[in-house]
Amino acid sequence: MENLVDQGTRPDCAVIALIGVTREYAGHGGVVRALDQASFSIVAGEWVAITGPSGSGKSTLVNLIGCLDRPTQGELVIDGVSTSSMSPAELDRFRADKIGFIFQQFHLIPYLSALENVMLAQYFHSMTDAKEARSSLERVGLGHRAEHLPSELSGGEQQRVCIARALINNPPILLADEPTGNLDAANQKIVADLLRGLHATGHTIVMVTHDPEMAALAQRRIALSHGKVFCHPVNGPVVSLER
Amino acid sequence: MFFRLLMESFRRQRRRKLLAGLAILLGTTAVTAMLALATTIGDRIHQELAVYGANIVVYPAADQLEVKVGGVDVKPVSGGALLHESDLAKLRGIFWANNITGVSPELPIRVVGKTASGMSVDAAATGLWFDHFLGKADALKTGTAAMHPWWKIQGSWPKEEATTDTGSEAVAGTVLASHLHLTPGTVIQTNAGGNTASRSLRITGIVSAGDDTDNQLLLPLNAAQQIAGTPDAVRRVEVSARTKPEDTFARKDPDTLSPAQREIWYCRPYANSIAYQIREAIPGARAEQVRRVEQSEGTVLKRISGLMWLISAAALLAAGFAVSAAMATAILERQGEIGLMRSLGASKTTVALLFYTEAGLLAVFAGGLGYLAGSGLAGWLGARIFASEGPASAGSLLIPVLFPVVVTLALLVALAGSTPAIRRALTTDPSAILRAGA
Ligand SMILES: Nc1ncnc2c1ncn2[C@@H]1O[C@H](COP(=O)(O)OP(=O)(O)OP(=O)(O)O)[C@@H](O)[C@H]1O
Ligand SMILES: [Mg+2]
């Protein structure tokens, strides 16, 4: 198999650029190459769907882009800065400023209310502001559930809290790892609409999904197989991308 | 938010926190008790040992050396300088007067005479205080019997009030008594000397001391002075004082110290400084520390405090391990949270701070309680070990200086104990944590 580097985006206007990124895990049964020489770029304001079978390296890729993990090899450039040149402290700062994570498992802190879960992201970013956090919840349609604990919310509602939390610091890049993987069709639609709105307001979205319907929402699909990248501009050519 | 996270952590992981807190509590309780005892044990041991003899001896400055052979003063009574019994009341006026618990003046004489049955007597004798009141207001009741509690008397001690111009009471040492067939009631008639008249000594008891005293007659000081014809004379004075254990500073010569240092030296109840004050108070006196008791006290102290340090260190170490184990599970349970916090941009330092603050709070609370419990334990143990009366033996032994020490130790133990768990949690890849958190 051969790597196809996407030609539709110019590296100079890319907000995310991977150049030969490899991530290997030293497991018990030898070295696992979760990502193999991945090279592609994503421009600002683009909505990219990452697809591929289980174990193909999708989460690995998202975690690398989110600077939660570092490549074993290759270079990852985000917003014009090479992450390999950054200190751990700079990476933390960078993550707080630039990245919003949306998880399949929501990862809400069970003993904090919806509002507090959103404020937690504010706390690690700068300082908490309950009013702002509440309006972020209102934006995902959960203003009235702000005081509820995650256990008192449905899966779809929890995912919306997770989205509100990802948005609170207004990061340019949203990373969603199977955001609708745990949701039914109705909730999937709500989340899809939210993402559509966020894309319309200029966020760059990198979304892992198994669902063809969700993938169809994205402008471009990046397919992974055994850690290798295949790019399919199935949803038509990338058009104007100014934020 | 920080406080919210802390509070919730304590609320939710109550059992783990309780376990870690309990470990710190027990550790600090042991340490506080040990430290409290170690700092007061000097006084206590002294109280115990003080009854076993004098720790300061006073004699005339003119005598360069005490000439004692086998405990007997071989210097002739006539020769050598003497102290004045009337000067001894000045001991009640020195700076550390209240630390003086016993005073026993001695005047060695010879008694030469005959018993009523015609047995000739030529024995060493010592004039002593038995139940003497030293000073006027709140006089110190003291004497040789109180300073030698191990002396056994058959019969009764001689009374100084019984001394008249013609005779007095006396007790005989067991060896001498069996030698001369002396029993309570026996009367010895002394020979008249150059300027002294013949006097009668009525034996009121037989004393067993276990040393050379057993070969002697003991009689009230006033009687000895009459027999020797030296009124107010004292050869040597034993003083028992409550002292601070000797340290390097104690051994300093006060006359070489700066005025400020000398002042400090003077105002510490070292045996040396008390001896110094006695020299100042009594004209023509030399006063020296007797090392015998002090030294054994020192070795006992050293051994006991060594043991205590060992127990304290072991208690703290055990607490450290318990905290380590409790924190390890507590943090493991919260791995997911840590991963999430890191994904939200929290630095390792921020996360570590959160957990360290938790451990620190726990340490301060548990350490504070441990301090109180340990003080109580020390009081109880003190009362058990030293069955002596005295203010310190009842109730708890609260030593405020120990509080910061104990809390600091608790903090160190808690922080050190939680470090491995926190480090492990932070070195784990947050992406792996989030992936596993399904
Ligand atoms: N921490 C790790 N240690 C060892 N191997 C790992 C680790 N994390 C991931 N892997 C391996 O890397 C490969 C890619 O994993 P990844 O989670 O990226 O897959 P994925 O595409 O997200 O799969 P899924 O669709 O099931 O979520 C897998 O084979 C996985 O076993
Ligand atoms: Mg995955």
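In what follows, chains are A, B, ... by sequence order, proteins preceding strands, each numbered from 1. This structure is a prediction, so every number in the text was calculated from the model and none was measured.
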Side chains of [X] and [Y]: closer than 4.5 Å at any heavy-atom pair?
X         : Y         : answer
Leu68(A)  : Asp429(B) : no
Tyr111(A) : Arg4(B)   : no
Leu340(B) : Arg165(A) : yes

Are more than 12 heavy atoms from other residues, nucleotides or ligands located less than 6.0 Å from atom [atom1] of [X]?
X         : atom1 : result
Arg33(A)  : CZ    : yes
Phe365(B) : CZ    : no
Phe249(B) : CZ    : yes
Glu263(B) : CD    : no

Against chain B, work out which of [options] has the most heavy-atom pairs shorter than 4.5 Å and name it.
options                                    : answer
Val62(A), Asp69(A), Leu64(A)               : Asp69(A)
Met119(A), Glu116(A), His125(A)            : Glu116(A)
Leu175(A), Leu112(A), Leu120(A), Thr128(A) : Leu120(A)

Step by step, would you call Asp92(A) with Arg342(B) a side chain to side chain contact (heavy atoms under 4.5 Å, CB included)? CA-CA 7 Å; Asp92(A) 292 331; Arg342(B) 303 275 284 122; 3.0 Å; yes
Region of Phe94(A) that comes under 4.5 Å of a non-hydrogen atom in chain B: neither
With a 4.5 angstrom heavy-atom cut-off, is it the side chain or the backbone of Ala121(A) that approaches chain B, or both, or neither? both
Keeping the roles fixed (side chain from His107(A), backbone from Gly336(B)), state whether a donor-acceptor pair exists under 3.5 Å. no
Heavy-atom contact with chain A under 4.5 Å, split by part of Thr350(B): side chain
Would you give the length of the straight line joining atom OG of Ser431(B) to atom CZ of Arg70(A), rounded to the nearest 0.5 angstrom? 12.5 Å
Find the distance between CZ (Arg93(A)) and OG (Ser347(B)) and round it off to the nearest 0.5 Å. 9.5 Å
Quickly, which of Phe101(A), Phe124(A), Tyr123(A) forms a side chain to side chain contact (heavy atoms under 4.5 Å, CB included) with Leu344(B)? Name it, please. Phe124(A)
